[in-house]
Structure formats: structure tokens, C-alpha cells
Protein chains: 2
Amino acid sequence: MNRIEPLSADMFDADCAHRMPFRIGDKWSAMIMRCLEAGPRRFTELKVPLHRVSPKVLTETLRAMERDGWVTRTVYDENPPRVEYALTALGRSLLDPMDHLCAWTRAHREEILGAREEPAGTPSVLRGARGE
Amino acid sequence: MNRIEPLSADMFDADCAHRMPFRIGDKWSAMIMRCLEAGPRRFTELKVPLHRVSPKVLTETLRAMERDGWVTRTVYDENPPRVEYALTALGRSLLDPMDHLCAWTRAHREEILGAREEPAGTPSVLRGARGE
DNA sequence: GGGGCCGGTTCCCTTGAAGTAACCGGCCCT
DNA sequence: AGGGCCGGTTACTTCAAGGGAACCGGCCCC
């Protein structure tokens, strides 16, 4: 088995992840999927890029993903304990629509950010249309 | 302007909309987008397929979508008042990734529903791996 | 025996999204 | 004068997701 790159701590900065108007599963699922994209990861390994996730929430999320058939949980009977999470085929197939979402977000980034910056009181279009 | 089909009251049954593991914007945004796909709609018209939405939430959602540049709100100065909501080009471009999501959901429907039905206590895979 | 690593669990609290119910103003019609 | 249509608004409540802090058991090492 060839070496797998460690996950970078700033994998999810306030960019693609933040303010993305989409959501896959719950708050952390999409990020976890990206973490598992390159290969199986263990619990503590996942905590690195997911700075702000508490172990409770991470467990909950992983359990939900397991229940939905997106990931597998493999316990190795070693010491200290080792648990690995990996994408299933179903989970992996989900990366495809996710990529489309990311592509859309990347393509319309400026437009999205711009829309929110417009002068607060931008009036709704109003038309006198009596004789329409 | 040619006639536009009225929205069916059972447009969103417990199928594509319900239990879909994706979310576009907030709870109702994706459904609203589908409602606007064929052309502009007015407030009361939107309420028909969105059975359970309260006027408050519908207003909130539409305002948020307007703020994000997904829809326009056009007030016609008539009586009784008429307000029409329509997709912007940006909003319309969002339908494309949404279609991918829907296609994925349709393709993996059985698999998704199946995963949750498995015997509750399905054990995690466990491997003795001392000599790995 | 004290501390650390690992993969969690438990309890409690906060937050924000969403739901419920009631009401509103303008104008038309009867 | 009363009622209805339209597109909302306002105030109150509910509920689940998420976050924080603390603790746990097993085994190893010092």
C-alpha cells in the first residue's frame, strides 16, 4: 500500500467550504468526504483539517454517514486502537455531483459575493402595468 | 407571452424532495427554484405546491434568494396587487448542478433507502491486524 | 504510579431555522 | 357596511443541530 499524503490543516479555509450555498448531508459531511477522497483516514487524522469540530459531532457525523452507506468504519484490534474511515462506492459516486457544485461555485464566485454587497435598500423592480 | 402551466399541488411529494441528502440554500429554496423553472410565478401561486410553507417563511426565503441574486421580485402596480418572482440568469445556472444532484439521487435511490433499513446493530467491520 | 495516545462518550447549553397564529392595508364588489 | 383577494408583517413558540467541557478504558512507556 503506497503512502498517502497527510491532510493539511488549512484544507478548509473560508473559501470553498464557507458560504457555499449548498449542503451535502449535515454541516461536516462534505468536508469529510473530501478528506476521504484520497484514501482511508483515521479519527484523529480527520480532526486536523476540521479544526473546529468537536469529537462528539465528528462521531455523530461519521455514524450518520456510515448508516447511510457513504463510509465504512474499520476497527483494527491494535494498541493504541486504530479506526479507519473510508468511502464506499456509493460515497465515492457522490463526489461527482459534488464536483459540479464546486465548479458552479467557483465559476460564479464573484457574482455570488457581489450580490450580497449591493446597497442594502435596493428597491424591488416596480412597474406601472395598468395597460399591460 | 404564452400561457404557462399552473403548478401542481402535489409537485413535491415524499420523493425527490423528501429525504434528499442535499440542500440548496435553505429548506425551501430548491423547491422554489423548480417552481420558477418554467417561468415567473406569483406569491400565492408558489404557495400551492409548497403546502406547508407559511407566508412568513416563504417571504423570508424569497427575500434571501433575491438578496443572493437568484430571483427577481417584480411588483406590478395593480389592484389587487400582483408580485412576480422569476429566476435570474444566475439562478437559472444553478439548475444545472441541481440536475446532477437529482440524477444522482434517482440513480442511487434504492441504495440510499436500503442503507438505512439494514439491521440496526450492523457491527462495524473488525479485523485482527496484529501482523499487518 | 503517573502520564500519554486513541477513539471515543456523556451532559449541558446555545443558536438559529422553522412553524403557528393573528393581524394589516388597499381596493374592489355587492 | 361587510367581505374577499393579495401579499404580506408581527409576535410568540418549538425543535433539532451543533458546540464546549469534562471524562473514560485499555494498553504502553517511563
Side-chain angles (χ1 to χ4, degrees), chain A residues 6 12 17-19 21-32 35 40-48 50-68 71-86 123-130, chain B residues 6 12 17-19 21-32 35 40-48 50-68 71-86 123-130:
Chain A
F12 302 113
H18 194 57
R19 284 299 165 210
F22 303 107
R23 193 164 161 173
I24 314 289
D26 50 21
K27 182 171 177 186
W28 301 95
S29 301
M31 287 182 256
I32 291 176
C35 291
R41 302 285 181 180
R42 40 202 305 195
F43 194 83
T44 35
E45 212 170 349
L46 290 173
K47 282 200 290 190
V48 176
L50 274 28
H51 312 277
R52 303 215 131 279
V53 78
S54 70
K56 176 202 145 199
V57 174
L58 183 52
T59 311
E60 280 175 2
T61 306
L62 287 167
R63 292 288 198 278
M65 292 173 78
E66 193 190 357
R67 172 182 51 103
D68 290 349
V71 304
T72 55
R73 178 172 181 271
T74 309
V75 179
Y76 295 89
D77 191 14
E78 301 172 350
N79 201 281
R82 185 158 66 98
V83 177
E84 277 192 350
Y85 295 92
S124 309
V125 185
L126 195 146
R127 296 188 196 157
R130 263 296 205 271
Chain B
F12 301 112
H18 195 55
R19 283 301 165 208
F22 302 106
R23 192 162 161 175
I24 314 289
D26 49 21
K27 182 172 178 185
W28 301 96
S29 301
M31 288 182 255
I32 291 175
C35 291
R41 303 284 181 180
R42 41 202 304 196
F43 194 84
T44 34
E45 212 169 349
L46 289 174
K47 283 200 289 190
V48 176
L50 274 28
H51 311 277
R52 303 215 129 279
V53 79
S54 69
K56 175 200 143 199
V57 173
L58 183 53
T59 312
E60 281 175 1
T61 307
L62 287 167
R63 291 288 198 279
M65 293 174 78
E66 193 191 356
R67 173 182 52 100
D68 289 350
V71 304
T72 55
R73 179 173 181 271
T74 309
V75 180
Y76 295 89
D77 191 12
E78 301 172 350
N79 201 283
R82 185 158 67 96
V83 177
E84 278 191 351
Y85 295 90
S124 310
V125 184
L126 195 145
R127 295 188 197 156
R130 265 297 206 268

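Side chains are part of it too, since the values below use all heavy atoms of this structure and drop only hydrogens, waters and symmetry mates. Chain letters run A, B, ... following the sequence lines, proteins first and then strands; every chain starts at 1. Every value quoted in this text rests on a predicted model; they were computed, and no experiment measured them.
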To the closest 0.5 Å, what do you measure between NZ (A/Lys27) and CG (A/Leu50)?
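Reported to 0.5 Å precision, the distance equals 10.0 Å.
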Spacing of CD1 belonging to B/Ile24 relative to CD1 belonging to B/Ile32, to within rounding of 0.5 Å:
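B/Ile24 atom CD1 to B/Ile32 atom CD1 measures 13.0 Å (nearest 0.5 Å).
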Picking from D/dG18, C/dC28, C/dA18, which would you name as closest to the side chain of B/Asn79?
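Of D/dG18, C/dC28, C/dA18, C/dC28 is nearest to the side chain of B/Asn79.
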Once each nucleotide of nucleotides 7-15 of chain C is scored for protein heavy atoms under 4.0 Å, what B/S/- sequence comes out, 5' to 3'?
SBBBB----
Expressed in angstrom and rounded to an integer, what is the separation of [X] atom [atom1] from [N] atom [atom2]?
{"X": "B/Arg52", "N": "C/dT20", "atom1": "CZ", "atom2": "C1'", "answer": "11 Å"}
{"X": "B/His51", "N": "C/dT20", "atom1": "NE2", "atom2": "C1'", "answer": "19 Å"}
{"X": "A/Asp26", "N": "C/dG16", "atom1": "CG", "atom2": "C1'", "answer": "16 Å"}
{"X": "B/Leu58", "N": "C/dA21", "atom1": "CG", "atom2": "C1'", "answer": "17 Å"}
{"X": "A/Glu60", "N": "D/dG18", "atom1": "CD", "atom2": "C1'", "answer": "8 Å"}

Could you pull out the closest heavy-atom pair between A/Phe12 and A/Cys35, with the gap in Å?
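Closest approach of A/Phe12 to A/Cys35: CE1-SG, 3.8 Å.
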Can you name the nearest heavy-atom pair linking B/Arg42 to B/Val83, along with the distance?
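Closest approach of B/Arg42 to B/Val83: CB-O, 3.0 Å.
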Indicate yes or no: at least one non-hydrogen side-chain atom of A/Pro81 is less than 4.5 angstrom from one of A/Val75.
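Contact flag for A/Pro81/A/Val75 side chains = no.
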Can you sort out the partners of B/Ala64 under side-chain contact (heavy atoms from CB on, under 4.5 Å), two or more places apart, ordered by chain and number?
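With neighbours one apart ignored, the set is B/Arg67.
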